[in-house]
Asks: 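After the structure tokens below, expect a handful of questions from me.
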Amino acid sequence: MEFSSLKKYPRLKWLIPVLSAGMLTAFSLVPADDWQDKVTNALAIFGKRFPQEKVYLHFDKDLYASGETIWFKAYIMIQNQPSLTASNLYVELLDKDGNVVMKKRLPAAGAAAAGDFELPETLKTGQYQIRAYTAWMLNYDPEFLFYKNIEIFDPAKKNTLPSRDTAIARDFAVQFFPEGGYMLQNAAGVVAFKAIDQNGYPIAVAGTVQNSKKETVAEIKTVHDGMGTFELTPAAGESYKAIVRVATGQQKEITLPETQTQGAALKVYNRGSRIFYQASLANPDDSAYYRMMVIAQVQNQMVYKAVLDASEGRISGFIPTQSLPSGIIQLTLFSDKGQPLSERLAFVRKADQIDISFMNAEISTNPRGKSSIELFAPDSVQTSMSISITDADQVLKDPDEHNIISNMLLTSDLKGYIYNPAWYFKDTTRDKLQALDLVMLTNGWRRFSWQKILNNDMPKIRFPYEQGMSLKGTAVTNTGRYPLVGGKVDFIFKQPLDSSTSFASVPTNDKGEFEVPNLQFMDTVLVFFQGNDKQKRWKDVQVTFEPHFFDKSPQVALPYPMRVPEGLDNAAMTRFLNTASESNKVNRSMSNKTVYLKEVNIRDKKITPQQTTEQRYTSGMFSSGDGYTFDLTKETAYQTNVFQYLQSKVAGLNISGDLNNPSMSWRGAKPSLYLNEMPADVSMLANVNINDIALVKVFRPPFMGGFGGGAGGAIAVYTKKGGDNKGDETIRGFERMKKAGYSLVKEFYSPDYAVKKEVHALPDKRLTLFWSPYITVDSITHASTIHFYNNDFSKHFRIVVEGIAADGRVGRAEQVY
């Protein structure tokens, strides 16, 4: 999919290797040798064949009580661009032992997905973790999946709050990280450190560094969140130890890393617009390290290369950052044997996030009063955004804050725990930038190992890049002795949710294997299947299916530890639990009365055949919107394709030219096209037989649903399901099984108190007042007006908006009213 508005944004240009003479500096203009090509080619192959996908989840709040619903919106990126081809997202709720308590498989579109976890009132309270990922991400280190710690409280025990470990640290640990990876003899260098307490949280330390003669050679003092640095010039033959202590007087002696007598290490000075680097040698006369190479890469894309010659004093240079996006840049120093010698991370910090702000707020603190606020995003590039509005007094924030900016730009690329990463992105003051560089010094990049990719030891792809769901298996004959070669497996799919039926017949290969690809269905489907030998050689055909990893729920080894939560405000927590308890009572009242269930939609409702074709086919952002709907199940169309059918039917929509490849415009822009709610192009829709189309929805401009919208509106085409096609529905001779599909998503209840309903007689105890995973921003005004009603008691409201743009930028806005 192309986005014409991207022409305004230069952010994508960094993906093209910027290896110009001006970028490389004078001493990089050396003819490439085989060892250089080996390194650059290995990175290019890895970046092309193994793109890195990321997932981030925006939640409506940080803390929950049993009986509540966890609402979330997922954003999916690949190589720091929206992952528009991602189709399946997996989200799991794990307990502290790594057991899967609840799980969801959600359909993704436009680099996004929305879902929820409805927490039972009987759910055991305590620490949980939410894990989210795509199948592609499972091919790599599990530490790079998305994780979020969630504590679930018991609202019935509102007067006995969980105990918090707020006691003074009983134990602590300190790690030391020489810049570039090594302490080199007689070479002045920086050594960073990181101190944590027994729970893994940062702790302040102070102390000294002493040599073997117990002489103090450096001072240790924390700068931010347990981190700091000191300078040291290791002497030949010396050893060093640190004596560190915490505020209580506890003290430890820690031996520093051993000094290296040969080798080289990188020093980096991040000046914002330029990143300066310098190679230090343990022995300046060691000719083995005269010729070296520096490579810098961002998201597996090489953005800088320079050859150094220490014999001529060429050991330094700089990397301009004006063409690079915000994020981590990895510098690696190589020997002329093509072996990595030293590594250093730096952070490119820019004000290139989506500019999101709030305007014209009209906030009512009256019970059930109506409020409105405008969300303003002046950039014309398309965005996918979500919004949460909660009670600011009762819904507490986690002091260890993670958000879309800190996750996508920082923590998703680093292994290890970083406390309160959102703090580093609150502004660009000097202390934030210095602290961010401390994070770079004390955390390692491990997306890949240079040694492995240089030896062509690439990741093993065990999970394909999924496009919808698939059904794989093997057919055998003669009581399993032979594979069914050149045969077929016939299928009938019956979906109880909407009473639809569909059919498929797939061939078997020389191993008897078969696959039904690109399946898309909600909830569960009944699968009737039968193996057939086309040549009628065998009558007995057995069909077995390959289990999908989602069908199993093994215990998960948690690489991201569940930490003992920090102390929270007891008074606010008591109010929160009181309200959650009362809210559960209200929900029980609504669930026990059919009228309330119908009006509030507390549980998902199955679609009946009596409902309209539009209700049976459309979902999510396509189920509403301003436009036209054409039900082709109720008429016999004579046109050849959908474009001929729509000609002259929609005011303002201009369709002209060759109807197999027409020119289209609406209000001066081109409509976006969809087939079964997936992005499509003109040729795809033109080739769909008009008799196979059940429904056409035409959305007036602008249609900004996810990434699939634009100023020209949209045309959504739906092909007929089995229930709308006549076919052979016999199941005689077929075996049957159930297969789980995409999880149903509950509709968020947002009452409209302008309309009198019986349900409004109940108390309103909502703590999440408004939640929408899909926010539409007008392409002309660049604004979206949000309306919501207060509950019975809230006086302050926290509004949080997060999102990503079509050019890969991320954004966030938070305001308390």
Side-chain angles (χ1 to χ4, degrees), residues 166-184 187-235 238-259 265-272 278 280 344-347 349 399-400 410 414 416-444 563 566:
T166 57
I168 297 173
R170 298 185 301 272
D171 196 8
F172 69 98
V174 185
Q175 289 180 290
F176 292 89
F177 306 90
E179 184 175 19
Y182 306 101
M183 289 169 47
L184 304 180
V190 169
V191 179
F193 62 87
K194 183 176 184 179
I196 57 174
D197 65 15
Q198 75 275 1
N199 293 322
Y201 289 114
I203 187 173
V205 296
T208 59
V209 176
Q210 296 179 356
N211 60 19
S212 59
K213 303 179 184 64
K214 296 190 177 181
E215 297 170 334
T216 297
V217 295
E219 298 287 337
I220 294 175
K221 187 176 181 181
T222 297
V223 174
H224 175 75
D225 275 352
M227 298 178 293
T229 62
F230 57 86
E231 291 190 2
L232 183 64
T233 304
E238 266 290 4
S239 61
Y240 300 90
K241 63 180 179 181
I243 294 89
V244 292
R245 58 185 178 277
V246 294
T248 60
Q250 291 172 283
Q251 182 171 297
K252 285 190 175 184
E253 281 190 11
I254 303 167
T255 301
L256 267 60
E258 186 177 348
T259 301
L266 273 175
K267 293 182 178 181
V268 166
Y269 308 91
N270 193 343
R271 297 295 183 261
Q278 178 183 335
S280 296
R344 172 69 150 90
L345 303 183
F347 197 91
R349 181 77 166 95
D400 183 11
L410 182 66
L414 296 177
Y417 171 67
I418 300 172
Y419 177 76
N420 193 18
W423 178 86
Y424 300 95
F425 298 94
K426 292 187 180 298
D427 53 57
T428 55
T429 54
R430 186 176 180 181
D431 65 322
K432 298 286 195 304
L433 297 177
Q434 289 178 339
L436 192 53
D437 197 52
L438 286 174
V439 175
M440 299 297 99
L441 285 164
T442 56
N443 289 270
R563 305 190 182 279
E566 293 182 293

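Quantities reported herein were computed from a predicted structural model and do not represent experimental measurements.
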Asks: Could you check whether any side-chain heavy atom of Asn270 comes within less than 4.5 Å of a side-chain heavy atom of Leu433, counting everything from C-beta outward?
Replies: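 Result no, sub-4.5 Å side-chain heavy-atom pair not found.
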
Asks: Mind checking whether Trp423 and Ile418 have side chains closer than 4.5 Å, heavy atoms only?
Replies: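 They are not in side-chain contact.
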
Asks: Kindly indicate, with the supporting measurements, whether the criterion side chain to side chain contact (heavy atoms under 4.5 Å, CB included) is fulfilled by Val439 and Met227.
Replies: CA-CA 8 Å; Val439 175; Met227 298 178 293; 3.9 Å; yes

Asks: Look up atom OG1 in Thr222 and atom NZ in Lys194, then write down how far apart they are to the nearest 0.5 Å.
Replies: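 NZ of Lys194 is found 12.5 Å from OG1 of Thr222.
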
Asks: Whether the side chain of Lys267 engages the backbone of Ala188 through a donor-acceptor N/O pair (distance < 3.5 Å, no angle test) should be reported.
Replies: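 It does hold such a pair.
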
Asks: Please find the pair of heavy atoms, one from Pro202 and one from Gly226, that lie closest to each other, and give the distance.
Replies: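 Scanning both residues, the minimum pair turns out to be CB-N, 3.9 Å.
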
Asks: Does the side chain to side chain contact (heavy atoms under 4.5 Å, CB included) test come out yes or no for Phe177 and Asn443, once each step is laid out?
Replies: CA-CA 9 Å; Phe177 306 90; Asn443 289 270; over 6 Å; no

Asks: Does a donor on one side chain sit under 3.5 Å from an acceptor on the other, for Ser212 and Glu238?
Replies: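 Note: Ser212 and Glu238 side chains meet the donor-acceptor criterion.
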
Asks: Classify the side-chain pair Asn420/Tyr201 by whether it contains a donor and acceptor separated by less than 3.5 Å.
Replies: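 The answer is no; no qualifying pair exists.
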
Asks: Are side-chain heavy atoms of Phe193 and Gln175 found at a separation under 4.5 Å?
Replies: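 In short, these two side chains do not touch, never coming nearer than 4.5 Å.
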
Asks: Of all heavy-atom pairs between Pro421 and Leu410, which one has the smallest distance, and what is that distance?
Replies: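 Of all heavy-atom pairs spanning Pro421 and Leu410, the closest is CB-CD2, 4.2 Å.
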
Asks: Determine whether a donor-acceptor pair (N or O, by modelled atom type, separation under 3.5 Å) exists between the side chain of Gln210 and the backbone of Ala242.
Replies: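 Such a contact is absent between Gln210 side chain and Ala242 backbone.
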
Asks: So how far is it from Tyr182 OH to Thr259 OG1, rounded to the nearest 0.5 Å?
Replies: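 The OH atom of Tyr182 sits 13.5 Å away from the OG1 atom of Thr259.
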
Asks: Side-chain contact test, heavy atoms from C-beta onward, threshold under 4.5 Å: evaluate it for Gln250 versus Arg245 and give yes or no.
Replies: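 When only atoms from C-beta onward are counted, Arg245 and Gln250 do not touch, as no gap falls below 4.5 Å.
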
Asks: Are the side chains of Met183 and Val191 in contact, using a 4.5 Å heavy-atom criterion?
Replies: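 Of all side-chain heavy-atom pairs linking Met183 with Val191, at least one is under 4.5 Å.
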
Asks: Is the count of non-hydrogen atoms from other residues, nucleotides or ligands lying under 6.0 Å from Gln434 atom CD greater than 12?
Replies: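 Yes, the 6.0 Å shell around CD holds more than 12 heavy atoms from other groups.
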
Asks: Tell me whether Lys252 forms a cation-pi arrangement with Phe172, defined as NZ or CZ under 6.0 Å from the six-membered ring centre and within 45 degrees of its axis.
Replies: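 Yes - Lys252 lies over the ring of Phe172, closer than 6.0 Å to its centre and within 45° of its axis.
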
Asks: How many angstroms lie between CD in Gln278 and CG in Leu266, if you round to the nearest 0.5 Å?
Replies: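 Here the interatomic distance stands at 9.5 Å.
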
Asks: Taking all non-hydrogen atoms of both residues, which atom of Val205 and which atom of Ala195 are closest, and how far apart?
Replies: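 That would be CG1-CB, 3.6 Å.
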
Asks: Between Asp437 and Arg344, does any side-chain N to carboxylate O distance fall below 4.0 Å?
Replies: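 Yes, charged N to carboxylate O under 4.0 Å.
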
Asks: Looking at Val190, is its backbone amide N or carbonyl O close enough to the side chain of Thr229 to form a donor-acceptor pair, meaning the two atoms are under 3.5 Å apart?
Replies: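 No, the answer is negative, given that no donor and acceptor are paired below the 3.5 Å cut-off.
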
Asks: Using 0.5 Å steps for rounding, measure from the NZ atom of Lys241 to the NZ atom of Lys214.
Replies: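 So the gap between those two atoms works out to 5.0 Å.
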
Asks: For this output row, return yes or no: ring centroids of Tyr240 and Phe176 closer than 6.0 angstrom.
Replies: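 Not under 6.0 Å, so no.
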
Asks: Rounded to the nearest 0.5 Å, what separation is found between the CG atom of Leu256 and the CG atom of Asn211?
Replies: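 So the gap between those two atoms works out to 11.5 Å.
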
Asks: Looking at every non-hydrogen atom in both residues, tell me the closest pair between Leu184 and Ser280 and how far apart they are.
Replies: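 So the minimum-distance heavy-atom pair works out to CD1-O, 3.3 Å.
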
Asks: Could you check if a side-chain atom of Phe230 sits within less than 4.5 angstrom of a side-chain atom of Val217, using non-hydrogen atoms only?
Replies: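 Side chain of Phe230 against side chain of Val217, heavy atoms only: no contact under 4.5 Å found.
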
Asks: Considering non-hydrogen atoms only, spot the tightest contact between Tyr419 and Pro399 and give its length.
Replies: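 So the minimum-distance heavy-atom pair works out to OH-O, 3.8 Å.
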
Asks: Measure the shortest side-chain to side-chain distance between Val209 and Ile220 over non-hydrogen atoms and say whether it is less than 4.5 angstrom.
Replies: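 In contact.
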
Asks: Would you please test Ile203 and Asp225 for side chain to side chain contact (heavy atoms under 4.5 Å, CB included) and show each step?
Replies: CA-CA 6 Å; Ile203 187 173; Asp225 275 352; over 6 Å; no

Asks: Taking the side chain as everything from C-beta on, heavy atoms only, tell me whether Phe425 gets closer than 4.5 Å to Lys432.
Replies: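 Of all side-chain heavy-atom pairs linking Lys432 with Phe425, none is under 4.5 Å.
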
Asks: Would you say Glu258 has more than 12 foreign heavy atoms packed within less than 6.0 Å of its CD?
Replies: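 No - once you tally the heavy atoms of other residues, nucleotides and ligands closer than 6.0 Å, there are 12 at most.
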
Asks: Centroid separation under 6.0 Å, is that true for the rings of Tyr424 and His224?
Replies: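 Ring centres of Tyr424 and His224 closer than 6.0 Å.
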
